[in-house]
Amino acid sequence: MKSIGFLSFGHWTPSAQSATRSASDVLLQSIDLAVAAEELGADGAYFRVHHFAQQLASPFPLLAAVGAKTSRIEIGTGVIDMRYENPLYMVEDAGSADLISRGRLQLGISRGSPEQVIEGWRHFGYAPAEGESDADMGRRHAEVFLDLLDGKGFAQPAPRPMFPNPPGLLRLEPHSAGLRRRIWWGSGANATALWAAQQGMNLQSSTLKADESGEPFHVQQAKQIRLYREAWKAAGHDWEPRVSVSRSIFALMNDRDRAYFGRGDSSDQIGIIGDMRAVFGRSYAAEPDALVKQLREDEAIAEADTLLLTVPNQLGVDYNAHVLDAILTHIAPALGWR
C-alpha cells in the first residue's frame, strides 16, 4: 500500500447531533480536515460529488481552497458525474485548481451514482444524443474532456482579437501540463474498468460493484483490478497507472470509538441499483490487532496501491482527525504503508 487518504461524502443536516449543520460547515470543515490530514502524514484528501443533495457538489472551489491551504497532500474527487459536465468549462476549472495546488490534483470522474432526482442532468442542459443512454453521454463527455487536457490547439483565432494570440490554433487556458495522467475513472463493473484502461485513466474501484460472480465483494473487486491491469498492458500505454479502493475502517481505540462503531461484525450487502444487482463492501471496525488481520485478508486492498478511508464527516474535524491518526499510526504500517 503506497498511499492512504480520506474520502468525504460531505453530508450536512440541521440535526443537533450533527457537527455539520449547513453547507458552509461542510465546506469549511473539509478544508480544515485536509489540513489536519496533511499534518498527520496522510497522502490524500478526496471528496464525493452529488447534485440535488445536502452534500458536497461543485468541487472546484473546494479543491482550489484545499490546494491553497496545503502544500503536500493530494487533492481529488471520487467522483464527478460526467453526465452533468461541460467538458470545456471543466478543463478550465481543473487546470486552475491544479495550478493552485502546484500539480497535486487527482481527479476522479465517472458516469456517476444513483441520483436524487429524475434525470437531473437534463436540468443542467444535457441530454443523450439519439441512440445514446445517459451512461453513454457521460463517457462521451469524458472522452472530450480527456482530449482537451492534452492541450492541443483546436479553436481558430479571431482576425482582430482583443489581445495578441500565439501562432496557430488556440487551446483552453489555463493549461496544466501533466494533469491528463492524473485522471481516474470510477468503475463499478468489469467492462467499465476495461474501458478506463483503454482510455489511459487510473482506476477508482467503486464502493459497490456489479455482482458479476456471486463471490465476496473484495474478491470480485480484486479480479476487476487484475483485469484492468491486463487491459492497460494490452493498450500499450507508456506509464504505470494507479488503482484505488475505498473502505470504511475504524480502529476501536477508546469508548467513543466503540460507542460509534463497535457493533460487531459487518458483512457484504446486496442491493439493486437501477436494473443492476450490486454488492456493497463491508465496513471494518475492531481493535488494532484484529483489524490488521482482517484487512490483510481483503484481496482488493492487497491489489490496489491507494486506499481511501471513508470518513463520518458529520462527527466533526477533531474526531475524524482521530480516526485517521489511529489508522495511520496503528494499522497502515502493518499493511506496508511507508
Side-chain angles (χ1 to χ4, degrees), residues 1-9 43-44 46 48 78-79 108 110 113-114 184-197 201-232 241-252 261-273 276-312 323-324 326-328 330-337:
M1 184 59 59
K2 297 178 181 177
S3 179
I4 296 180
F6 74 81
L7 173 61
S8 174
F9 283 57
D43 301 301
Y46 288 72
R48 290 293 294 264
V79 293
S110 192
S113 59
W184 305 59
W185 185 259
S187 172
N190 290 349
T192 52
L194 296 177
W195 179 79
M201 288 185 281
N202 304 292
L203 179 67
Q204 286 184 343
S205 191
S206 179
T207 51
L208 62 87
K209 187 184 179 301
D211 187 7
E212 300 182 67
S213 69
E215 296 171 293
F217 172 77
H218 73 101
V219 174
Q220 293 196 51
Q221 193 175 45
K223 289 183 176 181
Q224 179 199 43
I225 294 170
R226 288 191 287 269
L227 289 171
Y228 165 81
R229 294 192 188 280
E230 291 170 3
W232 184 275
R242 290 175 60 185
V243 175
S244 73
V245 296
S246 57
R247 294 288 187 273
S248 295
I249 302 173
F250 302 98
L252 304 182
F261 302 108
R263 303 187 186 95
D265 290 339
S266 172
S267 59
D268 292 350
Q269 301 293 319
I270 299 295
I272 303 298
I273 302 296
M276 179 184 77
R277 175 185 165 93
V279 55
F280 299 77
R282 58 166 293 186
S283 297
Y284 292 93
E287 307 293 329
D289 289 346
L291 192 55
V292 168
K293 182 178 179 181
Q294 292 172 9
L295 294 173
R296 282 176 173 166
E297 295 173 354
D298 189 308
E299 293 184 19
I301 290 179
E303 287 287 343
D305 56 73
T306 300
L307 175 62
L308 301 181
L309 304 169
T310 58
V311 293
V323 168
L324 294 174
I327 298 298
L328 295 175
H330 300 284
I331 307 301
L335 299 178
W337 181 68

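Along the sequence shown, residues are numbered consecutively beginning with 1.
Interatomic distance, CD1 of I225 versus OG of S187, reported as 10.0 Å (0.5 Å rounding). Atoms CD and CZ, from E303 and R226 in turn, are 4.5 Å apart once rounded to the nearest 0.5 Å. Rounding to the nearest 0.5 angstrom, the gap separating the CG atom in L295 from the CG atom in L307 is 8.0 Å. To the nearest 0.5 Å, the span separating CG on L308 from OG on S246 amounts to 6.0 Å. Rounded to the nearest 0.5 Å, atoms OG1 (T306) and CD1 (I4) are 9.5 Å apart.
Partners of F250 according to the ring pair (Phe, Tyr, Trp, His ring centres under 6.0 Å) rule, which considers only residues two or more places apart in sequence or in another chain, are F261. The ring pair (Phe, Tyr, Trp, His ring centres under 6.0 Å) check on F6 picks up F47, with sequence neighbours excluded. With sequence neighbours left out, S206 forms a side chain to side chain donor-acceptor pair (under 3.5 Å) with no residue at all. For S110, the side-chain contact (heavy atoms from CB on, under 4.5 Å) partners at least two apart in sequence or on another chain are V79, W185. Judged as a side-chain contact (heavy atoms from CB on, under 4.5 Å), and not counting sequence neighbours, the contacts of Q269 are S267, F280. Residues passing the salt bridge (charged side-chain N to carboxylate O under 4.0 Å, His left out) test with E299, sequence neighbours excluded: none.
Side-chain atoms of V323 and L309, non-hydrogen and from C-beta on, never get closer than 4.5 Å to each other. R229 has its side chain within reach of V243: a pair of non-hydrogen atoms, C-beta onward, lies under 4.5 Å apart. No side-chain heavy atom of F9 sits under 4.5 Å from any side-chain heavy atom of P312. Between V311 and L7 the shortest side-chain heavy-atom distance does not fall below 4.5 Å. A 4.5 Å side-chain heavy-atom check between T207 and V245 finds every atom pair outside the cut-off. For the pair L208 and V279, the minimum side-chain heavy-atom distance is 4.5 Å or more. When side chains are defined from C-beta on, H218 does not count as touching E297, because their heavy atoms never get closer than 4.5 Å.
At a threshold of 4.0 Å, the pair D289-R296 does not count as salt-bridged, since none of the basic side-chain nitrogens sits closer than that to a carboxylate oxygen. Salt bridge R247/D298: present, at least one basic N to carboxylate O contact under 4.0 Å. We find that R277 and D211 are joined by a salt bridge, their nearest charged nitrogen and carboxylate oxygen being less than 4.0 Å apart. Between E215 and K223 there is a salt bridge, since a side-chain N of the basic residue sits under 4.0 Å from a carboxylate O of the acidic one. A salt bridge does not link K2 to D305: none of the charged side-chain nitrogens sits closer than 4.0 Å to a carboxylate oxygen.
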Item to complete: Please assess L252 against L291 for the test side-chain contact (heavy atoms from CB on, under 4.5 Å), listing each intermediate value before the final yes or no.
Response: CA-CA 9 Å; L252 304 182; L291 192 55; over 6 Å; no

Worksheet item: Hey, mind stepping through Q224 and S205 against side-chain contact (heavy atoms from CB on, under 4.5 Å) and telling me if it holds?
Response: CA-CA 8 Å; Q224 179 199 43; S205 191; 2.5 Å; yes

Fill in: Residue pair W195, Y228: steps toward the side-chain contact (heavy atoms from CB on, under 4.5 Å) verdict
CA-CA 9 Å; W195 179 79; Y228 165 81; over 6 Å; no

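For the residue pair S244 and Q204, the shortest heavy atom distance occurs at OG-CG, 3.3 Å. Across every non-hydrogen atom of A189 and A210, the tightest pair is CB-CB, 4.2 Å. When all heavy atoms are compared, the tightest approach of W232 to M201 is CZ3-O, 3.4 Å. Annotation for P288 and H330: closest pair CB-CB, 4.2 Å, computed over non-hydrogen atoms.
Checked by atom type and distance alone, the side chain of D268 never pairs as donor or acceptor with a backbone atom of G281 at under 3.5 Å. Here the side chain of N202 pairs a donor or acceptor atom with the backbone of R242 at under 3.5 angstrom.
Annotation: cation-pi geometry satisfied between R282 and Y284 (NZ/CZ under 6.0 angstrom from ring centroid, within 45° of ring axis).
Side chains of S248 and T310: a donor-acceptor N/O pair is present below 3.5 angstrom, by distance only.
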